[in-house]
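Have a look at the structure below, then the notes.
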Amino acid sequence: MEKIIIFDTTLRDGEQAPGASMNSLQKMEVATQLERLGVDIIEAGFPVASPDDFAAVSAIARLIKKCGVCALARCIYKDIEHAGKSVKKAKHPRIHLFLATSKIHLKYKFKKAEDEIASIARDSIKQAKKFCSDIEFSPEDATRTEKDFLFRMVEMAIKEGAHTINIPDTVGYSYPQEVYSLITDIKNNVPNINKAIIAIHCHNDLGLATANSLSAVLAGARQVHCTINGIGERAGNASLEEIVMAMKTRKDVFGNFCNSIHTKEIYRTSRLVSKLTNFVVPPNKAIVGKNAFAHESGIHQDAILKKRITYEIMDPHDVGIADSQLILGKHSGRHAFGDRLKTLGFHLNEEQLNKAFGRFKDLCDKKKDIFDDDLRAIVEDEIRVAKPIWKLDSFEINSGTKIKPVAQVILVKGGKNVSANSSGDGPVDACFKAIDKITGFKAKLDDFRLEAVTSGKDALGQVSLRLKINDSIISGRGASTDIIEAAVKAYIDAVNKLENR
Ligand code: KIV
Ligand code: ZN
């Protein structure tokens with residue numbers, strides 16, 4: 001069996017998705033879960049980008065013991081120094097260097113000749129080696145690079161001591177056969193290629209990231225870059241869950257390969273990343289979407305009952321999706337509640353547990369049946385790590401078909417109530433405008449989504465939204481049985497994130 005190394009870049013390329021940014025504590029929470037999931041290497045960030053990024057990568061480097069921790073750097077000394085220092089305390093540190101090699105980038109981005117690029121890369125690998133022995137090198141935009149120059153760069157990088165050569169399809173332009181040929185050509189034309197591991201890094205601009213990554217594996221790549229839920233720059237990166245489950249499900253094709261992912265942790269990881277980045281997983285998303293294992297048509301349901309494999313190629317339990325069950329009600333005690341949360345994978349401290357239990361009891365007053373997904377929603381709300389500066393005290397709306405909606409919102413900051421009134425195009429808009437008056441931010445609503453967490457008229461509603469404030473995109477999430485309250489909470493959540501920056 002040949003091992004495919006899973007290189008997770010959720011915390012670096014994934015976090016580059018607009019609005020997906022996380023703070024250090026949130027990144028540590030994701031890193032801990034990625035370790036539990038069994039990834040081999042965590043690309044923890046781009047340390048030179050900001051002091052916060054540096055702090056987050058350093059904290060993850062100290063925290064994570066089983067997997068490698070990698071920091072990204074351009075071929076610039078300052079980047080390399082930051083990357084090297086940030087992973088110094090890691091048990092298995094790695095520096096990932098990248099430099100564009102395609103004609104388009106050389107001409108328009110760098111205005112440099114091939115020889116200059118080769119010499120910058122050579123010097124940078126030498127510098128990086130002084131900080132860390134494990135170096136990965138990426139010729140950025142490799143799939144649009146002249147092949148002869150690509151072979152030359154790869155050979156040089158290996159000679160200088162890079163142990164992994166990553167081939168990025170930076171703009172998601174390639175298709176599977178092309179990727180297969182490229183990896184094959186690299187193997188046949190780079191004399192020292194056997195001294196390195198070939199990695200693949202695909203973007204999803206044409207929806208081909210997973211197919212391209214798998215094609216690279218078949219051609220000889222032994223490390224795959226991927227992200228949870230496929231989040232990342234633009235249309236995202238290759239998704240970890242798709243690659244891993246494709247390899248598991250299609251044993252006839254990938255039977256000679258193995259990886260270290262504990263697939264039962266996939267769903268939990270997906271939810272955590274979705275919660276902390278506020279990136280809603282589309283219902284039709286392969287493997288982790290709400291509908292991925294739902295069968296609507298009567299013909300399908302009938303056949304499934306007769307024999308599952310008629311319409312189901314994977315067992316949902318293999319990715320950690322259990323049937324949503326009725327589990328607790330208003331007579332359930334704190335102990336049963338805590339036990340259930342542990343089963344769902346939440347590890348709360350005493351204070352968080354008390355707060356979550358209070359929310360659970362409130363919910364029991366409003367809703368008869370409490371499902372696992374309801375519990376997840378309230379607990380996920382409660383274990384947010386960013387300290388809220390603004391809290392909701394109360395709101396009142398006056399709305400109807402014949403009147404202009406008006407809202408009064410009261411927020412609490414530092415123990416003091418601050419209130420404002422506003423009218424709006426609808427009750428939610430009126431509340432948002434009142435909040436803007438209180439906080440002094442001028443926010444533009446960029447995206448607004450409402451979904452029912454479970455089914456039924458009393459279902460908990462969850463609002464996920466994105467705000468544009470100045471040049472930043474900030475996301476927020478809130479849940480309640482009252483959808484206006486869920487929207488108000490989501491808005492306050494986004495404002496608090498902005499305050500915490
Ligand atoms: O897409 C890309 O080329 C990258 C590099 C930094 C590897 O993310
Ligand atoms: Zn990328």
Side-chain angles (χ1 to χ4, degrees), residues 5-18 20-21 41-49 53 57 68-76 79-80 82-83 86-87 94-106 108-110 117 120-121 124-125 128 134-145 149-150 153-154 157 162-174 178-179 182-183 186 196-210 212-213 216 221 223-240 242-243 277 279:
I5 299 164
I6 302 294
F7 179 105
D8 183 280
T9 182
T10 306
L11 294 172
R12 200 276 298 169
D13 224 347
E15 212 229 359
Q16 277 172 231
S21 59
I41 300 154
I42 296 173
E43 186 165 48
F46 186 27
V48 82
D53 281 52
V57 179
V69 177
C70 177
L72 182 72
R74 288 170 298 182
C75 284
I76 296 174
D79 284 38
I80 296 168
H82 275 72
S86 69
V87 292
R94 175 178 291 190
I95 296 178
H96 176 194
L97 285 173
F98 74 102
L99 185 63
T101 47
S102 66
K103 270 212 158 80
I104 303 170
H105 281 239
L106 263 58
Y108 297 107
K109 194 166 94 177
F110 295 136
I117 292 293
I120 294 170
S124 300
I125 297 171
D134 186 357
I135 303 296
E136 174 160 345
F137 178 72
S138 288
E140 190 191 5
D141 207 14
T143 52
R144 293 195 300 169
T145 298
F149 184 48
L150 183 65
M153 287 293 284
V154 171
H163 293 140
T164 305
I165 298 295
N166 178 40
I167 302 301
D169 185 25
T170 302
V171 290
Y173 181 73
S174 281
E178 218 170 21
V179 173
L182 180 61
I183 302 294
I186 291 172
I197 286 172
I198 303 176
I200 185 77
H201 176 109
C202 294
H203 279 270
N204 207 27
D205 300 67
L206 294 173
L208 293 170
T210 298
N212 284 338
S213 307
Q223 177 180 292
V224 178
H225 282 215
C226 44
T227 62
I228 301 297
N229 300 334
I231 61 166
E233 244 343 300
R234 306 180 309 278
N237 288 57
S239 119
L240 181 147
E242 290 174 16
I243 290 168
T277 56
F279 258 60

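Indexing begins at 1, ligand by ligand and atom by atom, following the structure's order. Values below: all heavy atoms of this structure, side chains included; hydrogens, waters and symmetry mates excluded.
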### Message
For atom 7 (C) of ligand 1, tell me which residue out of His96, Glu233, His203 has the closest non-hydrogen atom.
### Response
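The nearest heavy atom belongs to His96.
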### Query
Can you tell which part of Arg12 has a heavy atom less than 4.0 Å from ligand 1: side chain, backbone, both or neither?
side chain
### Message
Counting only nitrogen or oxygen atoms and a 3.5 angstrom limit, does His201 reach ligand 1?
### Response
yes
### Query
Can an N or O of Asp13 be found at a distance shorter than 3.5 Å from an N or O of ligand 1?
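Such a contact does occur with ligand 1.
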### Query
For residues Asp141 and Thr170, is any side-chain donor paired with an opposing acceptor at under 3.5 Å?
no
### Query
Is a side-chain donor-acceptor pair under 3.5 Å present for Asp53 with His82?
no
#### Entry: Interfacing atoms of ligand 1 (cut-off 4.0 Å, heavy-atom, Glu140)
3 (O)
### Sub-4.0 Å atoms of ligand 1 with respect to non-hydrogen atoms of Phe98
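Near Phe98, meaning under 4.0 Å from one of its heavy atoms, ligand 1 has 6 (C).
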Check whether any side-chain heavy atom of [X] sits under 4.5 Å from a side-chain heavy atom of [Y], and report yes or no.
X      : Y      : value
Pro168 : Cys202 : no
Phe110 : Ile117 : yes
Phe149 : Lys103 : no
Phe98  : Asn166 : no

### Summary
For Asp13, the N, O or S atom at the shortest distance from the Zn ion (ligand 2) is OD2
### Task
Would you mind checking which non-hydrogen protein atom is closest to atom 3 (O) of ligand 1, with the distance to 0.1 Å?
Thr170 OG1, 2.7 Å
### Message
Can you tell me which residue among His96, Glu43, His225 is in a side-chain hydrogen bond (donor to acceptor under 3.5 Å, both in side chains) with Thr9?
### Response
Glu43
### Task
Confirm or rule out an N/O/S atom of His203, from backbone or side chain, lying less than 2.8 Å from the Zn ion (ligand 2).
yes
